[in-house]
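Written below as C-alpha cells is the structure these notes are about.
Hydrogens, waters and symmetry mates play no part in the numbers below; they use all other heavy atoms, side chains included. If you read the sequence from its start, that first residue is 1, and numbering goes on from there. Note that ligands are numbered from 1 as they come in the structure, with each ligand's atoms numbered from 1 the same way. Treat the numbers as computed from the prediction; the structure is a model and nothing was measured.
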Amino acid sequence: MERVALFPGSFDPFTLGHQAIVEQGLRIFDRIVVGVGANSEKHGLLTVENRERLIGDIYRGNPCVETVSYGGLTGDYCRQRGIRFILRGMRNTVDYEYERGMMLINQRLYPEITTVLLFTPPEYVAISSSMIRELVSYGNDPIELMPSNIDIKNYL
Ligand code: ADP
C-alpha cells in the first residue's frame, strides 16, 4: 500500500529547512502532502493562497509532492483523506517539546495516526520562517534562506 504523509505547518514562508524535511521524508514515504494550515494565521507575511502557490511552484512536476491548504484540525484533515502519518521537523529542544505535546494530543484524539519527527540537517537549524519575516519587514531579501528559484517578492 502507498505510504502517504501529511507535512502540516504555517509555512509563512516555506524555507530551505522545510524543503530538507520533505526531501528526507521522501526516503520514507511514497508521497508527501504539504498542508498549509489555513486557520493558523499567526503572523501573516504571505496569504494562505500565496504560501500554497509558493510551495506548489517548488514542487511543480514532482508527482510525489502535493500542496494543499486546509482549515480545522490537522488530525481531522488526515482522517478525511485517509492519511495515517504526520511528518514534522525538529531543530532543537524547543521544537522537541512542542512537537511532543502535539503528538501526545493527536495520539489521544486520532490513535490511528502516527507522528514521524525528523531531525533538521545542521546547516538548516538556524533557519526559521519568523527570521525570514523579520528580514523581509526590514527590506532585506532572504534569498539564501529560501529554496532556489523562489523570489519571495513574487508572493508578497
Ligand atoms: P507551525 O506553525 O505549525 O510550527 P512551521 O511552518 O513553523 O509551522 O513549521 C512546520 C514544521 O517544520 C514544524 O515541524 C517545524 O518544526 C519544522 N521546521 C521549521 N523550520 C524548520 C527548519 N529550519 N528545518 C527543519 N524543520 C523546520
N/O separation below 3.5 Å, [X] to ligand 1:
X	result
I21	no
Y124	yes
R88	yes
G9	no
Y98	no
V125	no
T15	no
R91	yes

Test your reading of the model: is there a side-chain donor-acceptor pair from [X] to the backbone of [Y], 3.5 Å cut-off?
X	Y	result
S129	F11	no
Q24	F119	yes
N140	V136	no

(request) Please report the shortest heavy-atom distance between A126 and M131, naming the atom on each side. (result)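 Heavy-atom minimum between the residues: O-CE, 2.7 Å.
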(message) Show the nearest heavy-atom pair for residues G89 and D95, with the distance to one decimal.
(response)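 Reported closest heavy-atom pair: O-OD2, 4.2 Å.
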Show which atoms of ligand 1 fall inside a sub-4.0 Å distance from at least one heavy-atom site of [X].
X	answer
E99	13 (C), 14 (O), 16 (O)
T120	24 (N), 25 (C), 26 (N)
D95	16 (O)
I127	20 (N), 22 (C), 23 (N)

(request) For the residue pair Y70 and D76, confirm or rule out a side-chain donor-acceptor distance under 3.5 Å. (result) no
(message) Counting C-beta onward and ignoring hydrogens, is there a side-chain heavy-atom pair between I132 and T15 closer than 4.5 Å?
(response) yes
(request) Could you see which bit of F7 sits under 4.0 Å from ligand 1, with heavy atoms only: side chain, backbone, both or neither? (result) side chain
(message) Which residues pass the side chain to side chain donor-acceptor pair (under 3.5 Å) test with N62, not counting sequence neighbours?
(response)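 Side chain to side chain donor-acceptor pair (under 3.5 Å) list for N62, sorted by chain: empty.
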(request) Would you please name every residue forming a side chain to side chain donor-acceptor pair (under 3.5 Å) with E144, sequence neighbours left out? (result) none
